[in-house]
Each structure stands twice: as structure tokens, then as C-alpha cells.
Amino acid sequence: MILDREEKVTIVLQENTSLNAFIANFKESYPKIKNDNIILNLFSFSKLTSGDVLEFLELSDTHRKSKKSFVLVTDKVSYDEVPDSICVVPTIQEARDIIEMEEIERELDL
């Protein structure tokens, strides 16, 4: 698992593994990054379905409750194919933009 940290954002990716192994590795690494905004880069998975993305829903809900962003990046699944409660975008830049907007919204709510 590769963790790329930049300020308060951690980009998580892993190459050459199954989705189940990726999720298990992510859960193991989560305590180290739970205070960061998280971008999960899923580009290494050539086949990904909306059902696969929903495997991250519980993790996403838990992380968002702590007032942090959780964004999945893949071009295999459209945001229209998953519930609004999970954030899916096609590029890393869009993930960064989402986090920036959510940070502003959180600051304004204070």
C-alpha cells in the first residue's frame, strides 16, 4: 500500500492486488491516516463495478462523520451509479477540488 501525504490529504493506492486485499490493507493502515482527508486512487483496478465501490461505503460514512473528506477516484464507475453518500470522481484533480470545497463548507459551518 502506498500512502502519499500532502498537508492534510493522503492519497492511497496499491498496485497488483485484488480489491479485497486492498480493502484489508486500507483498514489496517486507516488508524495512521484517520485524521487526514483521504483520496483512494482505484486506477490500478482494471475491472471495477458499482458494487465494488459500495464496499467502501461503511469506511466512507465513518470517515465523513469525523468531519473529513473521503473520495474515491476511478473512471470505471460513474457517480450516477452509486449513492450520494459516497463520493466518486474520475480524476485526482477533481478529488482535490472536492476536498477543497468540503473544507470550505466545514469552515463556514463553524
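Along the sequence shown, residues carry numbers from 1. In this text the structure is predicted, and so the values were computed from the model without any measurement.
Taken together through direct or relayed side-chain contacts under 4.5 Å among Ile, Leu, Val, Met, Phe, Trp and Tyr, F56 and V12 form part of one hydrophobic cluster. By the criterion of side-chain heavy atoms lying less than 4.5 angstrom apart, applied directly or through intervening Ile, Leu, Val, Met, Phe, Trp or Tyr residues, F43 is grouped together with V9 in one hydrophobic cluster. Note on L13 and L40: separate hydrophobic clusters, where clusters join Ile, Leu, Val, Met, Phe, Trp and Tyr whose side-chain heavy atoms are under 4.5 Å apart, directly or indirectly. Residues I98 and I33 fall into different hydrophobic clusters, defined by Ile, Leu, Val, Met, Phe, Trp and Tyr side chains chained together at heavy-atom separations under 4.5 Å.
Distance CG/N35 to OG/S66: 7.5 Å, rounded to 0.5 Å. Note: K34 NZ to K32 NZ = 13.0 Å, rounded to the nearest 0.5 Å. Rounded to the nearest 0.5 Å, atoms CZ (R64) and CG (L57) are 10.0 Å apart. Between the CD1 atom in I11 and the CD1 atom in I92 there is a gap of 5.0 Å [rounded to 0.5 Å]. Put simply, CD1 on I99 and CD1 on I104 are 12.5 Å apart, with the number rounded to the nearest 0.5 Å.
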Would you give me the side-chain donor-acceptor pairs under 3.5 Å for residues 70-86, sequence neighbours excluded?
residue	atom	partner	partner atom	Å
T74	OG1	K76	N	3.1
S78	OG	D80	N	3.1
E81	OE2	S78	N	3.0

Report all side-chain donor-acceptor pairs from residues 18-31 shorter than 3.5 Å, counting only partners two or more places apart or in another chain.
residue	atom	partner	partner atom	Å
S18	OG	A21	N	3.1
N25	ND2	Q14	OE1	3.0
N25	ND2	A21	O	3.3
S29	OG	N25	O	3.1
Y30	OH	H63	ND1	2.7

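For the salt bridge (Lys or Arg N to Asp or Glu O under 4.0 Å) condition, the pairs that include at least one residue of residues 2-25, sequence neighbours left out, are R5-D36, E6-R96. Pairs passing the side chain to side chain donor-acceptor pair (under 3.5 Å) check and including a residue from residues 39-57, sequence neighbours excluded, read T49-D52.
By the salt bridge (charged side-chain N to carboxylate O under 4.0 Å, His left out) test, E103 is found to be paired with R106, residues two or more places apart in sequence or in another chain being considered. With sequence neighbours excluded, the residues that form a side-chain hydrogen bond (donor to acceptor under 3.5 Å, both in side chains) with D97 are Q93.
For N37 against S69, the heavy-atom pair with the smallest separation is OD1-N, 2.8 Å. Between A95 and I39 the shortest heavy-atom distance is CB-CD1, 3.8 Å.
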